[in-house]
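Residue indices begin at 1 and follow the sequence shown. The figures here come from the full heavy-atom set of this structure, side chains too, leaving out hydrogens, waters and symmetry mates. Note that ligands are numbered from 1 as they come in the structure, with each ligand's atoms numbered from 1 the same way.
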Amino acid sequence: MSDTRAKSDHARPPRLHPLPIRIMHWINAVTIIVMIGSGWKIYNDEVIFGWLHFPQEVVLGIWAQHALQWHFAAMWVFTLNGLAYLVYGLVTGRFRRKLLPIRPREVIGEVIDALRLRLKHDDLTVYNAVQRVLYLGVIVLCILQLLSGLAIWKPVQFQELTALFTGFQGARLAHFLFMAGIVLFLVVHVCLALMVPRTLVAMVTGGPEVDPETGAAPTPQTAISSS
Ligand code: HEM
């Protein structure tokens, strides 16, 4: 590659979803689906709620031991990929730029708009208050899910952690409830993405170019100075 080409490539503004974010997001999406499907099969083996069994059509694994192998394999990918996402988000300032601040008044107003199917998402480069809450919320849920999973997996080695969940059964219940929260997020998240398909395209292609400082669409001034 010539110097001029390298320089001009370097000068190009970043995209809304840089390549690492897209790769980590889609790895996470597949991994979570594997973890949920296999988790449901493991749950069926010893249910918490007598009335709740997941049908064979929606679970992953022929028998519980088989599902456990899927669950543990996906667990490593989920953990390493999640750690990489957290480090990337903190070090590059993406979390600060994209997910903060959260103002309760805005969140309430936008939830009402969303219920009236009037949620605006004209500018893909700025997450609205509902998205911010959902994304930060699911990040926290994923961390709690991992911790409760560790507490069930190794209750002796991580006994302090297990005690935080009031013991093995408490950790099992918490693991189930965090899973339910993640599934709920996923349903809302996928519905919102399908309602605004441009967001889905952007999560594949990278989306529009953004101002490196603000992470939002370049203003006419920043666009001129970077060209
Ligand atoms: C197949 C399922 C999924 C689809 C179709 C999907 C789609 C998308 C799309 C289109 C965006 C960009 C939203 C925008 O620009 O307005 C996005 C962002 C995001 N998604 Fe998903 N997603 C899926 C699964 C998941 C899962 C399982 C999680 C976590 C448990 C997740 C967490 C996130 C987060 C945290 C962001 C914000 C990323 C950032 O900007 O750093 N997604 N998703």
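Within the structure, the ring-ring contact (aromatic ring centres under 6.0 Å, His included) test picks out the following pairs touching residues 136-175 (sequence neighbours left out): Phe72-Trp153.
Checking Phe95, Tyr135, Tyr88 against atom 37 (C) of ligand 1, the nearest heavy atom belongs to Tyr135.
Between Tyr88 and Phe95, the distance from one ring center to the other does not fall under 6.0 angstrom.
A distance-only check finds no donor-acceptor pair linking the side chain of Arg15 to the backbone of Glu209 [under 3.5 Å]. Listed for the Gln131 side chain is a donor-acceptor partner under 3.5 Å among the backbone atoms of Asn128.
Among all non-hydrogen protein atoms, the one lying nearest atom 41 (O) of ligand 1 is Tyr85 OH, 2.6 Å. What sits closest to atom 10 (C) of ligand 1 on the protein, heavy atoms only, is Thr199 O, 3.3 Å. The protein non-hydrogen atom at the shortest distance from atom 16 (O) of ligand 1 is Gln131 NE2, 2.8 Å. From the protein, the heavy atom lying nearest to atom 40 (O) of ligand 1 is Tyr127 OH, 2.5 Å.
At a 4.0 Å heavy-atom cut-off, ligand 1 touches Val138 through the side chain alone. The part of Trp26 lying near ligand 1 is the side chain, judged by heavy-atom distances below 4.0 Å. Neither the backbone nor the side chain of Leu99 has any atom closer than 4.0 Å to an atom of ligand 1 (non-hydrogen atoms only). Contacts with ligand 1 closer than 4.0 Å are made by side-chain heavy atoms of His17 only, the backbone lying farther away.
Ring geometry, Trp70 versus His66: the interplanar angle exceeds 60°, so the pair is classed perpendicular (tilted spans 30 to 60°). Taking the six-membered ring for Trp and thresholds of 30 and 60 degrees, Phe49 and Phe176 have ring planes more than 60 degrees apart, a perpendicular arrangement.
Ordered by chain and number, His25 NE2, His189 NE2 make up the set of protein N, O or S atoms under 2.8 Å of atom 21 (Fe) of ligand 1.
Atom-to-atom distance recorded for Asn28:CG and Ile21:CD1 is 11.0 Å, nearest 0.5 angstrom. Remark: Phe54 CZ to Ile42 CD1 distance equals 11.5 Å, nearest 0.5 Å.
Between the side chains of Gln56 and Lys41, a donor-acceptor pair is found at a separation under 3.5 Å.
Taking 4.5 Å as the limit, some side-chain heavy atom of Arg132 sits within range of a side-chain heavy atom of Val126.
With ligand atoms numbered from 1 in the order given, ligand 1 contributes 24 (C), 25 (C), 26 (C), 27 (C) to contacts under 4.0 Å with heavy atoms of Leu186.
Crowding of Gln157 atom CD: a count of heavy atoms from other residues, nucleotides or ligands under 6.0 Å exceeding 12.
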